Amino acid sequence: MATTTTLPDYPHSPQNAGGRFRNQDPLRQAPATGRNPMWDLLFNKPKNTVPSGPIPVRKLARAHLDVAPDRSLYRLGHSTLLLKLRGGWWLTDPVFARRASPVQWLGPRRFHAPPIALRDLPPIRGVLLSHDHYDHLDRAAVRALAWAGARFYMPLGVGERLAAWGVTRSLIHQFDWWQDTEVDGLRLTATPAQHFSGRTLTDRNRTLWASWVVEDDDFRLFFSGDSGYFSGFKTIGDRLGPFDVTCIETGAYNVDWPGVHMQPEETVRAHQDLRGRWLLPIHNGTFDLAMHAWYEPFERVAALARARGIALATPMFGEHVLLDSPHPGVSWWRSVPGADDVPARALQQPGDIRS
């Protein structure tokens with residue numbers, strides 16, 4: 001359940017004004033329509049926002065992970081990635097709960113179980129958190145990982161939530177944008193994102209949101225967390241790129257949310273701004289959080305990648321990706337009934353984007 005957390009002000013952060021964090025670019029406004037987005041989400045959802053059959057998942061066994069080479073990646077769901085770097089295991093935005101919600105009897109329910117249970121994970125060296133929304137920050141998972149000794153790296157303010165949940169302060173490491181640290185030879189940098197934060201009706205933007213850059217010698221990975229399209233992607237690319245792999249949100253978008261989530265066309269533009277080599281779309285295929293068909297993000301980003309000559313990796317959940325030489329994967333979503341014969345007219349088209 002939601003808990004009350006005392007969140008301090010951060011007056012020394014350039015991102016904070018009057019006790020609230022703010023974005024680098026002004027948020028783009030939604031187009032003027034007669035629609036009520038909340039009404040649509042609650043009462044006007046299309047049927048195909050939820051799969052009509054089981055999503056394929058490759059089950060992961062601890063024995064398999066124990067022999068995985070360095071620079072291995074596994075998608076566990078939504079924005080949760082399991083990474084092996086320099087002999088240690090890392091997680092991004094760990095969510096293992098059945099629902100992305102403050103309660104487990106109501107709210108968006110998972111389409112699939114994680115490829116590996118939380119209790120079966122190898123020892124986790126560190127966890128990268130992008131922000132405090134329920135589909136990115138799972139209280140039960142955080143507490144279990146902390147009990148096992150994992151360290152947490154997160155934007156300002158998110159650590160206060162972890163501390164309130166009983167996580168030892170020595171495991172909590174908080175960062176403002178552009179601050180970095182070195183862990184076991186890895187360079188971790190908290191970089192800007194265009195989003196918002198909050199877990200209750202009264203704490204909006206009291207904690208910061210961020211993307212992350214991970215550098216391992218000459219290898220660079222970008223993890224977007226949640227973000228609308230903004231000028232910061234080019235700045236990150238210029239300062240810390242180019243990137244071997246970019247893991248960028250491609251899902252849960254809507255024309256009514258142009259400032260905080262990206263349409264697939266903007267995902268591709270962000271990848272290009274970052275000077276990325278391989279694009280691995282995330283934030284899709286696990287929860288029903290928008291009005292589009294659950295498979296639409298994959299179809300649209302795949303078509304864009306083909307048209308623009310972008311190397312795209314779409315692994316199944318639980319499928320191994322070697323980051324030094326990723327593979328494209330297959331159109332696994334088309335194996336789910338209802339998503340195997342998708343007419344173009346069923347997909348939201350690029351012309352729907354308002355810049």
Side-chain angles (χ1 to χ4, degrees), residues 1-3 5 41-43 45-62 65 74-82 91-122 124 127-148 150 152 158 161-162 164-167 197-201 225-226 249-252 261 281-295 297-298 315-319 332-333 335-339:
M1 294 182 62
T3 56
T5 303
L41 281 171
L42 293 175
F43 304 110
K45 297 277 286 190
K47 292 182 179 179
N48 59 7
T49 60
V50 175
S52 57
I55 282 182
V57 174
R58 289 194 179 178
K59 296 294 184 182
L60 284 172
R62 174 65 183 278
L65 295 176
Y74 302 87
R75 273 201 80 190
L76 303 187
H78 200 52
S79 296
T80 305
L81 303 173
L82 178 64
L91 279 171
T92 65
D93 288 357
V95 175
F96 288 78
R98 292 180 64 190
R99 296 183 186 269
S101 172
V103 295
Q104 289 301 294
W105 49 268
L106 183 68
R109 185 173 180 174
R110 297 185 75 101
F111 301 157
H112 62 89
I116 186 170
L118 182 62
R119 64 179 177 275
D120 295 330
L121 287 172
I124 300 300
V127 179
L128 298 179
L129 302 175
S130 66
H131 64 298
D132 64 7
H133 285 160
Y134 285 96
D135 59 323
H136 293 261
L137 185 63
D138 174 354
R139 178 176 180 265
V142 163
R143 295 184 69 182
L145 291 164
W147 183 84
F152 298 84
V158 180
R161 298 203 185 279
L162 271 63
W165 298 341
V167 177
S197 66
R199 286 173 77 88
T200 71
L201 296 176
D226 277 1
E249 73 145 60
T250 316
H261 286 294
I282 58 174
H283 205 257
N284 50 44
T286 301
F287 294 113
D288 175 11
L289 300 173
M291 296 291 290
H292 59 67
W294 75 269
Y295 51 78
F298 301 106
M316 285 189 289
F317 295 110
E319 184 176 1
W332 57 263
W333 56 92
S335 69
V336 180

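Side chains are part of it too, since the values below use all heavy atoms of this structure and drop only hydrogens, waters and symmetry mates. These numbers were taken from a predicted model, which means no experiment stands behind them.
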Asker: Considering all heavy atoms of both residues, which atom of P94 and which atom of V127 are nearest to each other, and what is their separation?
Answerer: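 Between these two residues, the closest heavy atoms are CD-CG1, 3.5 Å.
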Asker: With a 4.5 Å heavy-atom cut-off, do L145 and F152 have their side chains touching?
Answerer: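 A side-chain contact under 4.5 Å exists here.
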Asker: For the side chain of R143 and the backbone of W165, is there at least one donor-acceptor N/O pair under 3.5 Å apart?
Answerer: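 A pair under 3.5 Å: yes.
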Asker: Does the T92 side chain pair with the main chain of L81, one donor and one acceptor, at a distance under 3.5 Å?
Answerer: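 Yes; judged by distance alone, with no hydrogens or angles, the pair exists.
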Asker: What pair of heavy atoms forms the shortest contact from A100 to F287, and how long is it?
Answerer: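 For A100 and F287, the tightest heavy-atom pair comes out as N-CE2, 3.8 Å.
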Asker: Taking atom CG of D120 and atom CG of L65, what is their separation to the nearest 0.5 Å?
Answerer: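 So the gap between those two atoms works out to 9.5 Å.
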Asker: Is the closest side-chain heavy-atom distance between T286 and D135 below 4.5 Å?
Answerer: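 T286 does not reach D135 side chain to side chain.
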Asker: Identify the residue among R99, R110, K45 that makes a salt bridge (Lys or Arg N to Asp or Glu O under 4.0 Å) with D288.
Answerer: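 Answer after filtering R99, R110, K45: K45.
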Asker: Tell me the closest heavy-atom pair linking T49 and A290, and the distance in Å.
Answerer: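 That would be CG2-O, 3.8 Å.
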Asker: Taking everything shown except R98 itself, do over 12 heavy atoms lie less than 6.0 Å from its CZ?
Answerer: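 Incorrect, the count does not exceed 12.
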Asker: Is there a side-chain contact between Y134 and V95 (heavy atoms, below 4.5 Å)?
Answerer: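 Heavy-atom side-chain distance check fails, nothing below 4.5 Å.
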Asker: Answer whether the closest heavy-atom distance between the side chains of H283 and H136 falls below 4.5 Å.
Answerer: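 Yes, at least one pair of side-chain atoms sits under 4.5 Å.
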Asker: Which atoms form the tightest heavy-atom contact between G53 and P337, and what is the distance?
Answerer: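 Minimum heavy-atom separation between G53 and P337: CA-CD, 4.1 Å.
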Asker: Examine the side chains of D226 and H133 and answer whether a donor and an acceptor come within less than 3.5 Å of each other.
Answerer: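 Not at all, the side chains of D226 and H133 share no donor-acceptor pair under 3.5 Å.
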Asker: If you look at every heavy atom in M291 and P46, which pair is closest and at what distance?
Answerer: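 So the minimum-distance heavy-atom pair works out to O-CG, 3.3 Å.
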Asker: Measuring only between side-chain heavy atoms, which start at C-beta, is P297 closer than 4.5 Å to H292?
Answerer: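 Result yes, sub-4.5 Å side-chain heavy-atom pair found.
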Asker: As an exercise, state the distance from CG of L91 to CD1 of I124, rounded to the nearest 0.5 Å.
Answerer: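 It comes to 4.0 Å.
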Asker: Could you check whether any side-chain heavy atom of P56 comes within less than 4.5 Å of a side-chain heavy atom of V336, counting everything from C-beta outward?
Answerer: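 Result yes, sub-4.5 Å side-chain heavy-atom pair found.
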Asker: Quick one: do the H78 and D93 side chains pair a donor with an acceptor below 3.5 Å?
Answerer: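 There is no such pair (donor and acceptor under 3.5 Å, judged by atom type) between the side chains of H78 and D93.
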Asker: Considering all heavy atoms of both residues, which atom of F96 and which atom of D138 are nearest to each other, and what is their separation?
Answerer: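 Looking at all heavy atoms of both residues, the shortest contact is N-OD2, 2.8 Å.
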Asker: Please state whether the rings of H112 and F317 are parallel, tilted or perpendicular, taking 30° and 60° as the class boundaries.
Answerer: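 Because their plane-to-plane angle is under 30°, the rings of H112 and F317 count as parallel.
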Asker: Any donor-acceptor pair under 3.5 Å linking the side chain of R161 with the backbone of T5?
Answerer: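 A pair under 3.5 Å: no.
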Asker: Answer whether the closest heavy-atom distance between the side chains of R109 and V50 falls below 4.5 Å.
Answerer: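 No, too far: nothing below the 4.5 Å cut-off.
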Asker: Please name all residues satisfying side-chain contact (heavy atoms from CB on, under 4.5 Å) with A144, sequence neighbours left out, ordered by chain then number.
Answerer: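 Residues passing side-chain contact (heavy atoms from CB on, under 4.5 Å) with A144: L118.
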Asker: When rounded to the nearest 0.5 angstrom, what is the spacing between CG in L60 and CG in L76?
Answerer: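 Going from the CG atom of L60 to the CG atom of L76 covers 7.0 Å.
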Asker: In Å, rounded to the nearest 0.5 Å, how long is the span from CG of N284 to CZ of F298?
Answerer: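 That separation rounds to 3.5 Å.
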